[in-house]
Amino acid sequence: MSKTEILVQRVKQMIDSHGYAHSDRLPCEREMCQALGVARNQLRRALAELEGQGLIWRHVGRGTFLGARPVLNLEDVTYLRDRVKPAQVVSVRLTIEPALARLAAIYGKKADHAEIQHCADRCRNAPDWRGYEAWDNKLHHAIARASQNQLHLYYFETLNVVRRSVVWGQPRKTIKPADGYSSFHEHDVIVQAILNHDADLAAQSMIDHLRSVYSRILPSMNLGIPEEYA
């Protein structure tokens with residue numbers, strides 16, 4: 001491996017160890033250089049490689065963000081955040097993500113499968129809610145990436161940025177998810193369906209998972225599951 005490839009792996013490890021979620025802003029270049037003990041030009045070559053892989057995106061004057069570049073700019077995201085209702089976000093997720101799970105089952109490669117399984121395992125072993133939510137985000141992103149369709153991925157990323165900008169107001173009464181947390185089993189079913197190339201089951205399992213998640217969140221906000229998915 002070249003020095004740049006080694007540094008790319010170190011940056012990935014740093015991102016994983018700090019629990020950054022998709023759309024999160026990463027530390028500035030100066031801080032990353034200090035943490036990794038490398039020169040800025042070395043770091044920039046590694047970041048350029050990661051950006052080329054669609055794992056990060058950079059905005060001059062704003063910083064470096066985790067995930068592929070959203071279709072919308074940050075001003076558009078703020079505009080949508082102030083006008084989109086949480087139930088509308090759920091409706092779009094229920095439209096897009098089952099289709100992505102179906103495509104992941106059809107077109108996902110061995111490396112995609114390994115990443116999807118890894119993210120699901122890390123969700124189950126997360127030490128706290130923040131860690132769980134970060135790995136849950138990565139799991140859904142890995143499924144979207146396994147669709148092998150860059151346009152689908154961009155739409156997913158844009159939805160994800162808007163979703164994360166909405167205040168959901170879900171209180172946490174425990175430090176981390178309980179061992180029997182329902183999403184663990186739901187993730188397992190989705191992952192196994194994708195690994196088995198069962199497109200119909202992957203899509204239906206994603207619908208079931210999202211319905212389960214939002215049945216817990218939306219009642220506290222006096223909202224309902226969109227009627228077409230109830």
Side-chain angles (χ1 to χ4, degrees), residues 9 12-13 15-16 19-24 50 53-56 66-71 89-126 129 131-164 177-217 225-226 228-229:
Q9 294 302 318
K12 287 181 178 179
Q13 291 169 4
I15 290 171
D16 286 350
Y20 293 110
H22 286 280
S23 306
D24 280 353
L50 288 169
Q53 296 175 15
L55 299 178
I56 64 169
L66 189 60
R69 183 180 298 275
V71 175
V89 174
V90 177
S91 181
V92 176
R93 286 195 78 183
L94 282 162
T95 300
I96 291 177
E97 294 203 43
L100 289 172
R102 176 184 297 278
L103 291 172
I106 297 172
Y107 298 112
K109 301 177 181 178
K110 186 175 181 180
D112 298 315
H113 292 174
E115 179 64 14
I116 289 169
Q117 184 67 70
H118 174 66
C119 291
D121 292 342
R122 292 298 295 267
C123 282
R124 192 182 296 272
N125 296 315
W129 279 107
Y132 168 79
E133 289 165 358
W135 282 105
D136 177 73
N137 240 306
K138 292 177 183 179
L139 171 61
H140 285 265
H141 184 271
I143 292 170
R145 195 163 59 242
S147 72
Q148 308 300 328
N149 187 310
Q150 194 65 32
L151 187 56
H152 276 305
L153 183 58
Y154 276 147
Y155 277 118
F156 170 82
E157 285 285 355
T158 299
L159 167 64
N160 212 29
V161 172
V162 174
R163 178 180 67 83
R164 287 176 55 76
D179 291 342
Y181 188 51
S182 58
S183 286
F184 294 155
H185 173 69
E186 293 159 12
H187 286 167
D188 290 343
V189 175
I190 295 168
V191 171
Q192 198 57 52
I194 291 173
L195 268 58
N196 289 340
H197 304 286
D198 190 333
D200 289 341
L201 180 58
Q204 185 58 53
S205 298
M206 181 63 77
I207 291 174
D208 294 343
H209 171 53
L210 294 175
R211 288 176 58 190
S212 173
V213 169
Y214 288 111
S215 69
R216 297 192 296 271
I217 298 175
I225 294 288
E228 63 268 34
Y229 298 104

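What you are looking at is a predicted structure, and each value in this text was computed from that prediction instead of being measured.
Between S183 and Y132 the shortest side-chain heavy-atom distance falls below 4.5 Å. Counting heavy atoms from C-beta outward, H140 and D136 have side chains that approach closer than 4.5 Å. N160 is not listed as a side-chain neighbour of H141, based on a closest heavy-atom distance of 4.5 Å or more.
Contacts classified as salt bridge (charged side-chain N to carboxylate O under 4.0 Å, His left out) and involving residues 178-195 (residues at least two apart or in different chains) are given here: R124-D188.
A side-chain donor-acceptor contact under 3.5 Å links R216 and S212. Side-chain contact, Q192 with N196: a donor N or O sits under 3.5 Å from an acceptor N or O. No hydrogens or angles considered: a donor-acceptor pair under 3.5 Å links the side chains of D208 and Q204.
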Less than 3.5 Å apart, which donor and acceptor atoms pair up between the side chains of residues 116-123 and the rest of the protein, not counting sequence neighbours?
unit_1	atom_1	unit_2	atom_2	d
Q117	NE2	D121	OD1	3.1

Atom pairs and distances, donor-acceptor, side-chain atoms in residues 106-115, under 3.5 Å, two or more places apart:
unit_1	atom_1	unit_2	atom_2	d
D112	OD2	K109	N	2.8
D112	OD2	Q148	NE2	2.5

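With sequence neighbours excluded, the residues that form a side chain to side chain contact (heavy atoms under 4.5 Å, CB included) with D16 are W135, K138. Residues satisfying the side chain to side chain contact (heavy atoms under 4.5 Å, CB included) criterion with I96, sequence neighbours excluded, are V92, L100, L159. Every residue meeting the side chain to side chain contact (heavy atoms under 4.5 Å, CB included) condition with A203, not counting sequence neighbours, appears here in chain and number order: P98, R102.
Heavy atoms only, all atoms of each residue included: L55 and L66 are closest at O-CD1, 3.5 Å. Of all heavy-atom pairs spanning I143 and A101, the tightest one is CG2-CA, 3.8 Å.
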